[in-house]
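The chains referred to below are lettered A, B, ... by the order of the sequence lines, with proteins before strands, and numbering in each begins at 1.
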Amino acid sequence: MSDLRVRFAPSPTGYLHIGGARTALFNYLLARQQQGIFVLRIEDTDVERSTQESVDAILNAMEWLGLSCDEGPFYQSDNFDHYKQKVQQLLDEGKAYRCYCTPEELEAKREAAMKEGRKPKYDGTCRNRNDQPEQPYVVRFKLPEGREEVAFDDQIKGRISFKTEELDDLIIQRTDGTPTYNFVVVVDDAEMGMTLVIRGDDHVNNTPRQILLYEALGYPVPQFAHVPMILGSDKKRLSKRHGATSVMAYQEMGYLPEAMVNYLVRLGWSHGDEEIFSMDDLIEKFSLANVGRAAGVFNPEKLLWLNSHYIKTGDPQRLADLLKPFLAEKGINTETGPDLVAVVKSLQERAATMVEMADGAEFYYRDPVHYDEKAREKFLTADKASIFETIADQLEACSEFAEESLEAAFAVVMEKTELKFGKIAQPLRVALTGGTASPSIYEVLQVLGKESALKRINQALNSLS
RNA sequence: GUCCCUAUCGUCUAGCCUGGCCCAGGACACCGGCCUUUCACGCCGGCGACGGGGGUUCGAAUCCCCCUGGGGACGCCA
């Protein structure tokens, strides 16, 4: 048991997206590897935008990915009183002050500063006023004076430093009395005993202000590790227009959680030339030292490839269980018909997603067979009657549908019809599956079973034209 | 605009810290071939990168500087 304590701190204003999931994963991996503690904290200080639906969505996604936390979820909205106390503490110590500037005034100042090419930071208007008018106010943290720079050693990016003059007096409490992100994140990370804060790259600029806040509040400063952003194919920040960004959307599209985990971790992290990692591998091998420093582009094709890999190598029984809901959605009942596990085995090498597998499995359960029009026109023609009759005869005589006996049966069919296997297989495939693409004929025959196969051949015989 | 970060194939990356083993390796995608009862799988092969310019050095993808490109931040969002 190490003393490592990390956390994932999403704000519940939407679903868990790809980027958040990766951050959560990195945290989880490190905690498990070092037998530290992984805390989940919901950052819902923005009461307006936070929803319970989002909390549930995030929790679901984490569970799906297998990222269990050791403590939490904690909700910041449960601690407003405490934050208020802390703000008061800074006020009492003269480290914070009331600011009466209105949002409109501030906006105007920002624009003016931008226009003049200055950094748009607060000008300190209310910093030294002594009166306390009966007006709405926010509380600002007073930047400590006489300090030139704030620096920290990022565990991923190395040393990062800022000139204090780039910073300004940030708002830590809103007009309505609720605390802001930069304040609560410090209070909570400190009081929850975080030793390492792993978060998105977009927080680098917040870090120096937060460090100052840690110091002002008398807290120890944790270590930081800023993970690079994930971009879309156009190198812009990943968003809906790049396709699905919600983790759970991938589950719905038939992706396996282990594929998502494997993909996510390899986006930005590597371990030599290895590509395939189980969660256990990752817990053993993951390291912040091998996380890249530049933003990465989300590549759906590689995710797909990993997914097909995990489907190919996955346990058929488990895949069968996962497949059921996808089949049910198509109105297919698997209680009657071929053994689902056998069906899955025949499709594992052919499906890249569970949705594809469900599509491929459909014909096994559709009775009578629904023919693809083009396939029917091409292969279910009147001249095929004798072929089907011969096949039916031989199959009828086949005591068991095993690879060997089927081969023997078809050897006879080929001999009697004087046709090569290919000429026989394709019409039969259409008869059995309704289409021209399917698992191998022998496999289909075995999975379907004698009775069903014969029934389908008869249906074809009656459908010839 | 200002500040922070960053820079190897189209993409994810190995190599960079500890220069020579790298006329740069792997993976996805793409192209060609093989296998084959269809579709896939698989196998074999191909295409394809050290952003530019200066240094340092006998020697630089690796070290230093500048430029350029990309990302992020600049909210009473997180």
Inset, instruction - Looking at every strand, decide which applies to G268(A) at a 4.0 Å heavy-atom threshold: base, sugar-phosphate, or nothing. - result: sugar-phosphate
Inset, instruction - Assign K236(A) to base, sugar-phosphate, or nothing according to its heavy-atom contacts below 4.0 angstrom with the strands shown. - result: sugar-phosphate
Legend entry - Gap between atoms CZ and P, on R429(A) and A40(B) respectively (whole Å): 12 Å
Inset, instruction - Run the salt-bridge test on K119(A) and D168(A) with the 4.0 Å N-O cut-off and return the result as yes or no. - result: no
Inset, instruction - Figure out the CD1/P separation between I276(A) and G26(B), and round it to whole Å. - result: 17 Å
Legend entry - Atom C1', compared across G1(B) and C63(B): separation rounded to whole Å: 33 Å
Inset, instruction - Answer yes if the side chains of N299(A) and Y263(A) hold a donor-acceptor pair under 3.5 Å, and no otherwise. - result: no
Inset, instruction - Classify the nucleic acid contact of S270(A) as base, sugar-phosphate or nothing, counting any heavy atom under 4.0 Å across all strands shown. - result: sugar-phosphate
Inset, instruction - Any side chain to side chain donor-acceptor pair (under 3.5 Å) involving residues 423-441 of chain A? Give me the pairs, sequence neighbours left out, ordered by first then second residue. - result: Q426(A)-R429(A), R429(A)-S438(A)
Inset, instruction - Can you tell me, in whole Å, how much space there is between the C1' of A7(B) and that of C44(B)? - result: 35 Å
Legend entry - Distance-only donor-acceptor check, side chains H226(A) and D154(A), under 3.5 Å: yes
Legend entry - Plane angle bin for F286(A) and F26(A) - parallel if under 30°, tilted between 30 and 60°, otherwise perpendicular: tilted
Inset, instruction - Using heavy atoms to find the nearest nucleotide of RNA chain B for D44(A) and W269(A) separately, return the residue whose nucleotide is more 5′. - result: W269(A)
Inset, instruction - Determine the contact category for H203(A): base if any of its heavy atoms lies under 4.0 Å from a base atom, sugar-phosphate if only primed atoms, P, OP1 or OP2 are that close, otherwise nothing. - result: base
Inset, instruction - Classify the angle between the aromatic ring planes of Y181(A) and H203(A) as parallel (below 30°), tilted (30 to 60°) or perpendicular (above 60°). - result: tilted
Inset, instruction - Determine, for R7(A) against E43(A), whether the closest basic-nitrogen to carboxylate-oxygen distance falls under 4.0 angstrom. - result: no
Legend entry - Proximity to the side chain of A425(A) - top-ranked nucleotide from U37(B), A78(B), A27(B): U37(B)
Legend entry - Rounded C1' spacing from C30(B) to G19(B) in Å: 35 Å
Legend entry - Distance, rounded to the nearest Å, where M229(A) contributes CE and A73(B) contributes P: 8 Å
Legend entry - Distance in angstrom units between I172(A) CD1 and G75(B) P, rounded: 17 Å
Inset, instruction - Could you work out the separation of C12(B) and A78(B) based on their C1' atoms and round it to a whole Å? - result: 28 Å
Inset, instruction - Tell me what K312(A) touches on the nucleic acid: a base, only sugar-phosphate, or nothing, going by heavy atoms under 4.0 Å. - result: sugar-phosphate
Legend entry - Separation between the P atoms of C17(B) and A61(B), rounded to whole Å: 12 Å
Inset, instruction - Take atom C1' in C50(B) and the same atom in C22(B), then report the distance between them in whole Å. - result: 10 Å
Inset, instruction - Select base, sugar-phosphate, or nothing to describe what R110(A) touches, counting heavy atoms under 4.0 Å on all strands. - result: sugar-phosphate
Inset, instruction - For P228(A), report the nucleic acid contact type (base, sugar-phosphate, nothing); a contact means any heavy atom under 4.0 Å. - result: nothing
Inset, instruction - Classify every nucleotide of nucleotides 3-11 of chain B by which part a protein heavy atom approaches to under 4.0 Å, writing B for the base, S for the sugar-phosphate alone and - for neither, in 5'-to-3' order. - result: SSSSS---B
Inset, instruction - Could you tell me how the ring of F421(A) sits relative to the ring of F410(A): parallel (under 30°), tilted (30 to 60°) or perpendicular (over 60°)? - result: perpendicular
Inset, instruction - For A78(B), take OP1 and OP2 only and decide whether either is under 4.0 Å from a side-chain N or O of T45(A). - result: yes
Inset, instruction - Using whole Å, report how far CZ of F379(A) lies from C1' of U38(B). - result: 8 Å
Inset, instruction - Using the P atoms only, state how far U8(B) lies from U62(B), rounded to an integer number of Å. - result: 12 Å
Legend entry - Who pairs with C43(B) - Watson-Crick or G-U, where each distance is under 3.5 Å: G33(B)
Legend entry - C1' spacing across the pair G59(B) / U6(B), given as an integer number of angstrom: 28 Å
Inset, instruction - Take atom CZ of F277(A) and atom P of U13(B), then tell me their distance rounded to the nearest Å. - result: 12 Å
Legend entry - Between P of G1(B) and NZ of K121(A), the distance in whole Å: 19 Å
Inset, instruction - Report which part of the nucleic acid E43(A) touches: base, sugar-phosphate, or nothing (heavy-atom distance under 4.0 Å, all strands). - result: sugar-phosphate
Legend entry - Whole-Å distance separating the CD atom of E349(A) from the P atom of C43(B): 11 Å
Inset, instruction - Both distances under 3.5 Å, Watson-Crick or G-U wobble: report the partner of G75(B), or none. - result: none
Legend entry - Upstream residue (5' side of RNA chain B) when R350(A) and R140(A) are each assigned their closest nucleotide: R350(A)
Inset, instruction - For N206(A), report the nucleic acid contact type (base, sugar-phosphate, nothing); a contact means any heavy atom under 4.0 Å. - result: base
Legend entry - Donor on one side chain, acceptor on other, Y15(A) and T245(A), under 3.5 Å: yes
Legend entry - Given C76(B), G25(B), A73(B), the nucleotide with the shortest approach to the side chain of D273(A): G25(B)
Legend entry - Donor-acceptor pair between Y250(A) and N307(A) side chains, under 3.5 angstrom: no
